[in-house]
Amino acid sequence: MRQTCAPKRRPALPSAAWRSLLAVTASTGLGLLVGRPAEGVMVALGALSAVLTDVAVAYRHRAVTMLVPQLLGVAGAFATLTAEGTAVAPYLLPALGVLAGVLARLGPEGSLGAMILLMDAQVALDLPLPGPRWLPPALMLLGGLSVVAPALAGRLFFRGRAERALLAQCLAGCAAVLEPEAAGPAGAARRRALHDLLERARHTGAIGGSALLARHLPGLLALAGTASSSGALGLAAVPALVGRLRAEAVRVAAGRPAPEPAWPPGRGPLDERLARAARAAVLPGAGALTGAEPAAGGDWRAGRLRAVARAVLADPQSWWCGLRVGLALLLAGAAAAYFDLPHPYWAVLNVTFVCRPDVGPVTGRALERFCGTALGVLCSGLVLACGGTDWVLLAVLALAAGLVPALSGTGYLYQAAALATVVLMVTQIAGDPALPLLLPNLACCAIGCLAAVLACELAGPRHRQLAVARRLAVAVEQATLALTPPRPRTALAPYLQLAVARAEFERARREPPWRQGATDRWAALIEEVERTVDGALALTPADHHHVDRTRHHLHRLADRLHRLDGRRGPLPADPVPAPRYGAEGPRRKLKSLRHQRGRAVLG
C-alpha cells in the first residue's frame, strides 16, 4: 500500500485545471441561478467527462483524445435511455462493457473513449430528467464542448509549441547520449530516456498527424539511431557537435528560423555521419538520408486506424478483455441491486474507472481508487457536517474540480479523492442530501473495485506480463532483421519497442506484493534483452563471424520470449511497424527460423 499510494512528483497542468474549474462551476452555478439545478448538474457531469480526457499536449492529438470520447459518450447515453423499460435494458450495459473492453485495446485514446462511453451511459440513466430522451445526452454534450472548445482554441495562439518542445527534448536527448561522460551505466539510462522521448514523439505524430512532426521526425529518428549505436559502442562525438545540438534544441523550442552556418567539422566518419543526420533532423530535406530508409521501422505514420482496428478485432485477447469488463459490470450492478444501495450506478462507475488496460494492473488501480474515495468521502463529510449554503458547496466544488486534472500526475489516489468530492457536491446541489450517502458511496466503491478485481485479475492475471514478453520478442526480431543484409542505415525500431515494453513494465510494477518476485525477474529479463540488442546493433557489417553468431543468439532469445508469451505472431495494433526492405527474403528466412524450435534455451 505504501508503494501504491505514495505521491509522485510531476508538474500539474494549470491550463487544464482552470478549464475544469470554470466549466464545472459555471454550469452548476448557472443552474442554481435559474432554478434548474438538475440540468446544471447534468451539464457539469458532461464537462467532467471531458476533463478526464484532457491529457494530450499537442492540439491535434488533443482533438482526437477529447472529441471522439464525447461522441461515444453521447451515443452510450442515448442508447441506455432508449432501451430503458424494454426487454434489452438489463443486457445493454454488459454489452457496452464488452464493446468498451475491445475499444480499450486500441491504445490510450481507445481506453479514454471506452471510459467515457460507460460513464455517460450510466450517468444519463441514473439522473433522469423530465422532457425528451435526447435532452440528457444534449446537456452532457454541451458540458463536454464547454471544455473541448477552450482546450482547442489555444491552437490559434500557440500553434506548434508542444510539437516544438517535444522535438527540442529529443535533440537534447541525442546530445546527452553523445557526451563523453555518457559511457557506462549513465549512458544506458540516457539512451533509455531518449528512446522514451522518441516513442512519445512518434505516437503523437501518428495520432495527431502534425505537419511539423512529419517533416522533422524521420531525420530525428535517423540521428537518434546513429547516436544510440555510438553510445552503445562507448564512442563520443566532438564537443562542438554536442554544443551545436543543444543550441539547435533551444532554437527549435523557441521557434526561431534555422541558421545557415555550417556544422562543426568532425574528427572521423562517425562525426561526419552524425553531422549529416543532425542536419536532416534540423533542416528537413537536407539529403542526409538519400538511399536509405527515412526512419527506423519504415513509415512512422503507417498503421492507421483502419488497419489497427482490423488487427484488434481479429485478436482473441481483445474480446477476452471485453468479456472481463462486461462481467465486472454485471457483478457490480447485481451486487449494488442486491444490497439495495442508493445510486447503484456509483458501483458501475468504479468498474469503469478501474478496468483500463492502458494504465496498469487492476489490483493496484482498485486499491488506489478505494483509498482515494475514502479520502474524498472523509473531506466531503467534514464539509457537509459543517453545513452551509449551496454557494459554499459551489466553492468547494470549484476547488475539487480544479484539483481533478491538477492531481493527475501526483497519483490516481489523489485524483480519485477529488472526483469523489465532486460527485458528492453535485449530488447535494442537485437536491439529494449527500450526508446520508457517504457510507453507501464508499460501499459502492468497494463493490465496484472488488468486482473489477474478481473479473479482470483472476480471469487473466498474466495479461500484463504477456504483453511485456511480446514487446520484447518483437524487439529482438527487429534487431535480427537489422543484422540481415541489406542492413538499414539506422535501426531504431528495436529501441522503440523496448521503450513500449518498459512502459508496460512500469505500469506492471504496481502489482500486489505477492507478485513482487515475478516483477523482479521481469526487470532482470528486460535488462538482459536491452544488453543483447545494444551489443547486436553495435556490430559493424565487417564482423561477419560475430554477426552470424549474434544472429543465432537473437533467434534463440526470441524463441525463449515466445515460449514465455505462449503465442506466436506479431503484436496486434503494433504501434512501431517492422522495417521494410526491398526484398522479402530476410523476412521469410526469419519466419522459418522462428518456427524451428531451438534445442537449447538461454539460461
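We number each residue from 1, following the sequence as shown.
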Using modelled atom types and a 3.5 Å cut-off, is there a donor and acceptor pairing between side-chain atoms of Thr204 and backbone atoms of Ala201?
no
One pair to check against side-chain contact (heavy atoms from CB on, under 4.5 Å): Gln415 and Glu368. What are the steps and the verdict?
CA-CA 9 Å; Gln415 189 184 30; Glu368 289 182 284; over 6 Å; no
Would you indicate whether the side-chain heavy atoms of Met140 and Val43 approach each other to under 4.5 Å?
no
Inspect the surroundings of CG in Leu378 and state if more than 12 heavy atoms from other residues, nucleotides or ligands are less than 6.0 Å away.
yes
Do Val98 and Val325 come within less than 4.5 Å of each other through their side chains, counting heavy atoms only?
no
Is Pro137 close to Leu81 at the side-chain level, that is, under 4.5 Å between some pair of heavy atoms?
yes
Please report the interatomic distance CG(Leu145) to CG(Leu152), rounded to the nearest 0.5 Å.
10.0 Å
For the residue pair Phe370 and Leu442, establish whether any side-chain heavy-atom pair is separated by less than 4.5 Å.
yes
Nearest heavy-atom pair of Ser146 and Ala47: which atoms, and what distance?
OG-CB, 4.0 Å
Would you say Leu403 and Tyr414 make side-chain contact, with heavy atoms under 4.5 Å?
no
Could you measure the distance from the CG atom of Leu329 to the SG atom of Cys355? Nearest 0.5 Å is fine.
7.0 Å
Quick check against the 3.5 Å criterion: does Thr421 have a side-chain atom that pairs as donor or acceptor with the backbone of Ala417?
yes
Within a strict 4.5 Å, meaning less than it, do heavy atoms of the Leu48 and Leu419 side chains meet?
yes
Distance in Å, Leu93 CG paired with Leu118 CG, rounded so as to fall on 0.5 Å steps
6.5 Å
Please answer whether the main-chain N or O of Val51 pairs with a side-chain N or O of Ser20 as donor and acceptor at a distance below 3.5 Å.
no
What pair of heavy atoms forms the shortest contact from Pro433 to Gly431, and how long is it?
CD-O, 3.6 Å
Let me confirm one number: the CD1-OG distance from Ile116 to Ser111, rounded to the nearest 0.5 Å.
10.0 Å
Drop me the distance from Tyr59's OH to Met66's CE, to the nearest 0.5 angstrom.
11.5 Å
Check: Gln428 side chain, Ala434 main-chain N or O, donor-acceptor pair, under 3.5 Å
yes
Apply side-chain hydrogen bond (donor to acceptor under 3.5 Å, both in side chains) to residues Glu163 and His61 and explain how you reach the verdict.
CA-CA 10 Å; Glu163 290 88 347; His61 193 192; over 6 Å; no
Grab the two heavy atoms, one from Gly381 and one from Leu438, that are nearest each other, plus how far apart they are.
CA-CD1, 3.5 Å
Using the side-chain contact (heavy atoms from CB on, under 4.5 Å) rule, take Trp346 and Leu437 through it: C-alpha gap first, then chi angles, then the decisive distance, then the call.
CA-CA 11 Å; Trp346 283 345; Leu437 297 177; 4.1 Å; yes
Could you walk me through whether Ile447 and Leu341 satisfy the side-chain contact (heavy atoms from CB on, under 4.5 Å) test, starting with their C-alpha distance in whole Å, then the side-chain angles of each, then the deciding distance to 0.1 Å, before giving a yes or no?
CA-CA 11 Å; Ile447 287 174; Leu341 293 172; 3.6 Å; yes
Please find the pair of heavy atoms, one from Thr373 and one from Cys445, that lie closest to each other, and give the distance.
OG1-SG, 3.3 Å
Would you tell me whether His343 and Gln122 have side-chain atoms, one donor and one acceptor, within less than 3.5 Å of each other?
no
Any sub-3.5 Å donor-acceptor pair from Arg62's side-chain atoms to Ala151's backbone N or O?
yes
Going from CZ on Arg133 to CG on Leu135, what distance comes out if it is rounded to the nearest 0.5 angstrom?
13.0 Å
Write down the atom of Cys444, the atom of Pro342, and the distance for their closest heavy-atom approach.
SG-O, 4.3 Å
Could you tell me which non-hydrogen atom of Pro37 sits nearest to which non-hydrogen atom of Leu32, and how far apart they are?
CB-CD2, 4.2 Å
Is the closest basic N to carboxylate O distance between Glu199 and Arg202 below 4.0 Å?
yes
Keeping the roles fixed (side chain from Thr80, backbone from Ala121), state whether a donor-acceptor pair exists under 3.5 Å.
yes
Between Arg365 and Tyr412, is NZ or CZ placed under 6.0 angstrom from the six-membered ring centre and within 45° of the ring axis?
yes
Is the backbone N or O of Ala50 less than 3.5 Å from a side-chain atom of Thr53, with the two atoms forming a donor-acceptor pair by type?
yes
Using modelled atom types and a 3.5 Å cut-off, is there a donor and acceptor pairing between side-chain atoms of Arg192 and backbone atoms of Leu498?
no
Quick check: do Leu30 and Glu39 have side-chain heavy atoms less than 4.5 Å from each other?
no
Is there a donor-acceptor pair under 3.5 Å between the side chain of Thr28 and the backbone N or O of Thr25?
no
Let me see the working for Val68 and Leu112 under side-chain contact (heavy atoms from CB on, under 4.5 Å), right down to the final yes or no.
CA-CA 9 Å; Val68 175; Leu112 289 172; over 6 Å; no
Measure the shortest side-chain to side-chain distance between Tyr345 and Val123 over non-hydrogen atoms and say whether it is less than 4.5 angstrom.
yes
